[in-house]
Amino acid sequence: MTLQVRQIRKDFITRSGSLPVLCGIDLDLDSDKSLVIMGQSGSGKSTFLHILGGLDKPSAGKILLDGLDPLAMSETNLAHYRNQKVGFVFQDHHLLPQCTVLENVLLPSLLGATPKNEIIQLAKDLLARVGLENRMDHMPSELSGGERQRAAVARSLIMRPRLLLADEPTGNLDKRNAENIMCLLLKLHEEEKNILIVVTHSLELAKLFPRTMVMDDGILADAVSSN
């Protein structure tokens, strides 16, 4: 499985004219590869991730994941693609406060056809893998910040996505919890053999990844090693 990105552009229309945000991005990633993207605020990192995950559309360019082109899909097919192929972890955990931890993890599966008992067991297994086996029946308000984010990581994997995207997943966490979440993402990525792309501002956390790229004024390029 591969992710192929070709000449992705994104322009926003403002009162003063067209504002380029992404300027012709190319990227190739094979299955089981991980990548961290760094860059200043406003450089286009989050916009790029949202386009990769089908949450936004580019002004031009092409994306192929498993040979599928999400940019050519109808809204119905695109929703199915996001549900089946893509997992998201955001800076804010986005857990529903009225649902238990287990129910939150199960939410993405409600659109699928996986047998109920099987998917419930998978959710429990994922929560055990992120260290929340004793928190399944708790409400999000009863969890720490790091625990909520771990629950969000488990939720992102419930559909066994081929592409896992994390947008500043540690931005609201202290240093210890931030490193724990990044290590957890990399560990689960290694187990699942998916493609993992993470956006972060932290140089320390970026060092945990085998490959670092930098977004600068809408251009994505491999980071230059200081060695």
Side-chain angles (χ1 to χ4, degrees), residues 1-6 8 22-23 25-55 63-66 85-93 126 129-131 145-227:
M1 184 202 74
T2 59
L3 171 67
Q4 296 177 307
V5 178
R6 295 290 179 268
I8 289 294
L22 300 177
C23 305
I25 292 177
D26 292 322
L27 179 65
D28 289 276
L29 278 178
D30 294 325
S31 182
D32 80 4
K33 300 299 182 184
S34 63
L35 162 71
V36 66
I37 298 176
M38 303 193 70
Q40 296 183 352
S41 297
S43 61
K45 306 183 303 298
S46 293
T47 299
F48 182 53
L49 239 58
H50 291 173
I51 288 173
L52 289 181
L55 296 176
I63 296 170
L64 287 177
L65 178 66
D66 275 348
K85 296 288 185 180
V86 186
F88 292 94
V89 185
F90 297 100
Q91 181 170 340
D92 190 348
H93 50 78
L126 285 169
R129 286 162 67 187
V130 302
E147 288 172 332
R148 292 173 192 170
Q149 201 64 320
R150 278 188 273 155
V153 170
R155 181 184 57 194
S156 73
L157 292 170
I158 190 67
M159 301 304 292
R160 302 276 192 195
R162 303 316 306 144
L163 176 62
L164 184 58
L165 305 172
D167 190 3
E168 296 285 1
T170 63
N172 291 328
L173 302 177
D174 58 60
K175 182 178 179 180
R176 181 177 62 84
N177 275 313
E179 185 170 345
N180 287 341
I181 288 295
M182 279 298 192
C183 289
L184 175 61
L185 280 170
L186 284 166
K187 180 176 182 292
L188 294 174
H189 153 70
E190 183 178 350
E191 294 174 2
E192 294 292 326
K193 306 298 182 185
N194 54 25
I195 293 173
L196 171 64
I197 302 177
V198 176
V199 161
T200 183
H201 280 102
S202 171
L203 283 170
E204 286 188 25
L205 296 178
K207 291 176 182 178
L208 299 172
F209 286 75
R211 183 182 180 187
T212 300
M213 299 188 79
V214 176
M215 185 80 77
D216 186 18
D217 286 335
I219 297 174
L220 186 66
D222 280 292
V224 178
S225 175
S226 58
N227 296 331

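The analysis underlying the following values was restricted to heavy atoms, covering all of them including side chains, and did not include hydrogens, waters or symmetry mates. These numbers come from a predicted model, not from an experiment.
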Cationic N near anionic O, under 4.0 Å, Arg162 to Asp32: no

Test: Glu179 and Lys175 ion pair at under 4.0 Å: no

Do [X] and [Y] have side chains that approach each other closer than 4.5 Å (heavy atoms only, starting at C-beta)?
X: Leu220; Y: Val214; value: no
X: Val89; Y: Glu168; value: no
X: Leu157; Y: Asn194; value: yes
X: Phe209; Y: Val198; value: yes
X: Arg211; Y: Val36; value: no
X: Met38; Y: Leu203; value: yes
X: Leu3; Y: Leu163; value: yes

Short side-chain to backbone donor-acceptor contact, [X] and [Y], under 3.5 Å:
X: Lys45; Y: Gln40; result: yes
X: Thr200; Y: Ser202; result: yes
X: Ser34; Y: His189; result: no
X: Thr170; Y: Leu173; result: no
X: Arg129; Y: Ala154; result: no

Heavy atoms from other residues, nucleotides or ligands near CG of Asp217 exceed 12 (cutoff 6.0 Å): no

Check: Ser46/Asp167 side-chain N/O donor and acceptor closer than 3.5 Å: yes

Arg6 vs Asp28, salt bridge (Lys or Arg N to Asp or Glu O under 4.0 Å): CA-CA, chis, key distance, verdict: CA-CA 9 Å; Arg6 295 290 179 268; Asp28 289 276; 2.9 Å; yes

